[in-house]
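Please read the structure below before turning to the comments.
Keep in mind that what you see is a predicted model, and the values were worked out from it rather than measured. Lettering follows sequence order; numbering is per chain, from 1.
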Amino acid sequence: MAVQYSVIDSAVEISGLTKAYGDYLAVNRLDLTIRKGEIFGLLGPNGAGKTTTILMMLGLTEPSNGTVRVLGLDPASSSLDIKRRVGYMPDDLGFYEDRTATDNLIYTARLNGLSEETARESAKELLDRVGLSAAGGKKVGAYSRGMRQRLGLADVLIKRPEMIILDEPTLGIDPKGVTELLELITVLSKEEGLTVLLSSHHLQQVQQICDRVGLFVGGKLVACGDIEQLSRSLEQKNAIIVELEVGRKTEQFEQSIGEIEGVNSVRCSVSGMNGSHAAFEVVCDADVTPEIARVAATESELLSLRKRSYHLDDIYRRYFEGGDAHGA
Amino acid sequence: MALKETVSRLPVRLFRPKEDARSATSTSAFWVMVRKEFSDHVRSWRFVILMTIILLACIGSIYSAITALRSGNGQAGESSEFLFLQIFTLSDGTLPNFIGFVTFLGPLMGIALGFDAVNAERSKGTLSRLISQPIYRDDFLNAKFVSTLLIIAVSIFSIGLLVMGVGLIVIGFPPTPEEFWRVLLFLITAIIYVGFWLNVSILFSVRFRQATTSALAGISLWIFFSVFYGMILNLIAKGAAPATDSGAEVVMGYQKLMQALNRFSPSELFNEANTTLLMPNVRSLGPLAMEQVVGALPSPLPLGQSILLVWPHLTGMLAATMICFGLSYLLFMRQEIRSRS
């Protein structure tokens with residue numbers, strides 16, 4: 001029993017999870033733990049295997065290998081129990097368009113075994129909560145994208161879940177709508193102690209509200225932790241970039257920059273007519289900015305110099321590019 | 001007291017799972033789905049259009065039967081005791097009789113009500129949301145089938161009873177209990193027949209992602225059986241026909257083969273079953289040798305014997321329905337459900 005209790009602390013435990021479609025590995029030996037009550041962001045480009053992972057958590061797809069425990073339950077054998085306690089919002093969610101929002105919510109509630117009156121009450125309360133109380137009697141066909149997404153949130157919450165999984169909740173909404181939705185999610189999660197798993201390909205949005213983030217690329221979790229941890233670990237691994245703009249570009253100049261100790265590579269990003277003007281990106285292992293400045297000043301005409309460290313953004317973009325190359 | 005009870009039933013915190021909510025069984029979810037599907041059908045334009053077509057056909061067939069009865073070209077002399085049943089079987093030649101209309105329009109009804117059962121939910125994105133609720137996957141398919149079959153049963157019964165009522169007024173001659181049972185059995189057979197086509201179209205709706213493709217597949221199968229199958233059989237019949245001077249056994253074998261081939265068509269099964277049920281004079285569906293007929297009284301069959309005669313037909317239709325249902329079940333259970341794909 002003691003073992004059971006320790007398992008209960010985490011909402012999701014995934015180890016060695018693999019899903020193969022023929023030769024293609026959609027999810028490749030994934031290990032992931034999500035604690036109870038946290039907002040976890042699953043960040044990754046399209047086709048990284050986020051949705052597949054979520055489907056396996058709910059028992060909607062069978063894993064090829066590995067184990068999944070959601071709220072201590074095995075999706076393969078107690079999928080129904082999990083679906084009763086976990087709310088899932090698909091990435092492109094649809095409603096019965098010729099029914100009103102209230103009807104749609106009541107239907108979901110009834111499927112979860114709530115009685116007619118309780119369902120009606122909860123639907124009203126939740127519509128109020130997500131700011132749709134005025135539009136509750138309108139047919140969903142007349143809803144805008146942002147309204148649908150908020151209705152989706154209400155739809156997920158009406159079964160009173162312990163955990164909610166939101167697949168790309170911010171897809172296709174305008175920036176103001178995104179902010180509102182994310183705020184709503186944060187408030188709901190903190191007030192009700194919900195565990196939230198959120199998948200997205202927008203770094204900024206995930207950064208805003210998530211306690212912890214998992215970077216998911218090509219079916220693998222490449223980094224996991226809170227935002228600070230992530231950027232720290234990435235900083236250590238990666239070097240400093242010096243952006244440099246000079247008035248004259250000669251081959252000799254490029255060479256002497258490359259010869260400075262600590263410089264990893266030199267890349268010419270912009271090159272003007274007849275070598276009159278050029279910009280370089282110098283990647284260094286250590287901070288050698290002063291040296292670069294001196295060489296630039298003596299051998300050419302230094303116009304500007306900027307040092308920048310690797311951000312999560314850069315890393316994410318780099319992985320994104322890598323992911324795209326894989327996909328293509 | 002009442003107030004206290006209501007208060008205690010209110011959830012303490014809105015999103016905390018209430019224990020009694022958990023204990024709900026999935027059977028209630030099944031009936032919730034059936035109810036929703038049923039009301040969806042009733043509200044839909046499709047149902048209104050179908051009912052209009054079928055009602056018009058019924059009025060036409062009653063009119064044609066009644067003119068035929070009045071002009072006296074029915075078999076009234078032979079069996080005036082089954083006069084009432086002739087409303088369903090008689091025609092003055094300008095329009096098909098009631099059975100003909102049901103045979104022809106029944107499949108259309110089944111296909112029209114079922115062709116987008118699963119793939120429309122899929123393309124609208126409601127399937128993935130639905131399937132992530134605590135329901136069994138097969139319950140979803142069962143609910144689709146049961147609700148549509150209910151709709152079909154209600155409409156066929158109401159049409160059948162309506163025709164009986166109109167007949168009663170026009171003929172002024174009440175049906176005997178046996179006639180009533182025969183009509184009732186005929187209506188049940190019709191439900192099974194339409195149910196078969198419904199299952200075919202549900203199968204297509206699971207198999208094909210596009211609603212139009214599955215509708216087209218259903219309609220082409222229907223047209224194949226109602227138009228082309230007969231033509232193909234004619235070709236085979238010409239090729240396999242025995243010489244005119246061949247023995248009785250050869251002719252018999254040929255007849256049996258043709259009948260067996262014919263019975264692969266569900267509409268043929270339905271037709272034979274109905275002729276037997278509604279025309280008690282039909283004594284046998286296969287060829288009879290002279291020695292079998294000798295000594296037989298040319299009287300109509302009692303109800304029990306008629307049922308016995310069509311029992312294999314009913315079993316065949318039910319089996320075909322089950323095969324289709326089983327196939328769609330198998331396909332659906334193994335499909336991966338993602339949003340809108």
Which atoms of [X] come close to chain B, meaning under 4.5 Å heavy atom to heavy atom: side chain ones, backbone ones, both, or neither?
X: A:E116; answer: side chain
X: A:L55; answer: side chain
X: A:T52; answer: both

For residues 103-111 of chain A, tabulate all N or O donor-acceptor pairs below 3.5 Å that involve a side-chain atom, not counting sequence neighbours.
residue: A:D103; atom: OD2; partner: A:T100; partner atom: OG1; Å: 3.4
residue: A:N104; atom: OD1; partner: A:Y96; partner atom: N; Å: 3.1
residue: A:N104; atom: ND2; partner: A:Y96; partner atom: O; Å: 3.1
residue: A:N104; atom: ND2; partner: A:T100; partner atom: O; Å: 3.2
residue: A:T108; atom: OG1; partner: A:N104; partner atom: O; Å: 3.1
residue: A:T108; atom: OG1; partner: A:D155; partner atom: OD1; Å: 2.6
residue: A:T108; atom: OG1; partner: B:R129; partner atom: NH1; Å: 3.4
residue: A:R110; atom: NH1; partner: A:L114; partner atom: O; Å: 3.2

Which bit of B:L127 is near chain A, if near means a heavy-atom gap under 4.5 Å: side chain, backbone, both or neither? neither

With only heavy atoms counted, which part of B:S39 is less than 4.5 Å from chain A, the side chain, the backbone, both or neither?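 Both backbone and side chain.
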
Give, for atom CZ of B:F98 and atom CD1 of B:I159, the distance between the pair rounded to the nearest 0.5 Å. 6.5 Å

Crowding at CZ, A:R145 (>12 non-hydrogen neighbours, <6.0 Å): yes

Decide if the gap between the ring center of B:F204 and the ring center of B:F115 is smaller than 6.0 angstrom. no

For B:F140 together with B:F332, are the ring centres under 6.0 Å from each other?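 Yes: the rings meet the under 6.0 Å criterion.
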
